[in-house]
> 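The structure's right below; bear with me while I get my questions together.
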Amino acid sequence: MAKSILAGTEWTATEFAGLLPEEQRATRQELACLSCNGRAVFRAGQQRQPSFAARHRQDCRLVSRPWSAFRFLAEAGRRT
């Protein structure tokens with residue numbers, strides 16, 4: 001998953017892949033990690049499943065050993 005820095009909208013890679021090309025172009029420059037706001041990029045192609053990659057900050061909980069994306073999302077769900 002990734003989020004829009006400006007709008008705060010969160011997407012899975014599959015959801016983002018389903019956006020119109022114009023919407024993707026407008027949003028690609030503002031994608032970020034859900035946890036640390038590190039710059040994220042969208043990847044997709046004919047032989048590649050849609051996915052996000054990010055330049056995580058050193059203190060990002062999604063890449064530190066005891067955390068995982070699933071655990072982060074579960075914690076975020078409890079706060080809402």
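Nothing fancy with the numbering, it's 1 onward along the sequence.
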> Out of curiosity, Cys33 SG to Arg61 CZ, how far, rounded to the nearest 0.5 Å?
10.0 Å
> Among all residues two or more places apart in sequence or in another chain, which pass the side-chain contact (heavy atoms from CB on, under 4.5 Å) test with Thr12?
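Residues passing side-chain contact (heavy atoms from CB on, under 4.5 Å) with Thr12: Met1, Thr14, Glu15.
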> Mind checking who shares a hydrophobic cluster with Leu19, ILVMFWY linked at side-chain heavy-atom distances under 4.5 Å?
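Via sub-4.5 Å side-chain contacts, Leu19 links to Trp11, Phe16, Leu31, Phe42, Phe52.
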> Do you know the tightest heavy-atom contact between Arg57 and Asn37?
NH2-O, 3.8 Å
> Can you measure from CD (Gln29) to CD1 (Ile5) and round to the nearest 0.5 angstrom?
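Here the rounded value is 10.0 Å.
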> Suppose we screen for side-chain contact (heavy atoms from CB on, under 4.5 Å). Which residues come up paired with Glu22, at least two apart in sequence or across chains?
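Listed in chain order: Leu20, Arg25.
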> Quick one: side-chain hydrogen bond (donor to acceptor under 3.5 Å, both in side chains) partners of Glu30, sequence neighbours excluded?
Ser4
> Heavy atoms only: give me the nearest Arg39-Arg28 pair and the separation to one decimal.
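Taking Arg39 first and Arg28 second, the nearest heavy atoms are NH1-O, 4.4 Å.
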> Give every donor-acceptor pair under 3.5 Å between a side-chain atom in residues 43-50 and any protein atom, sequence neighbours left out.
none

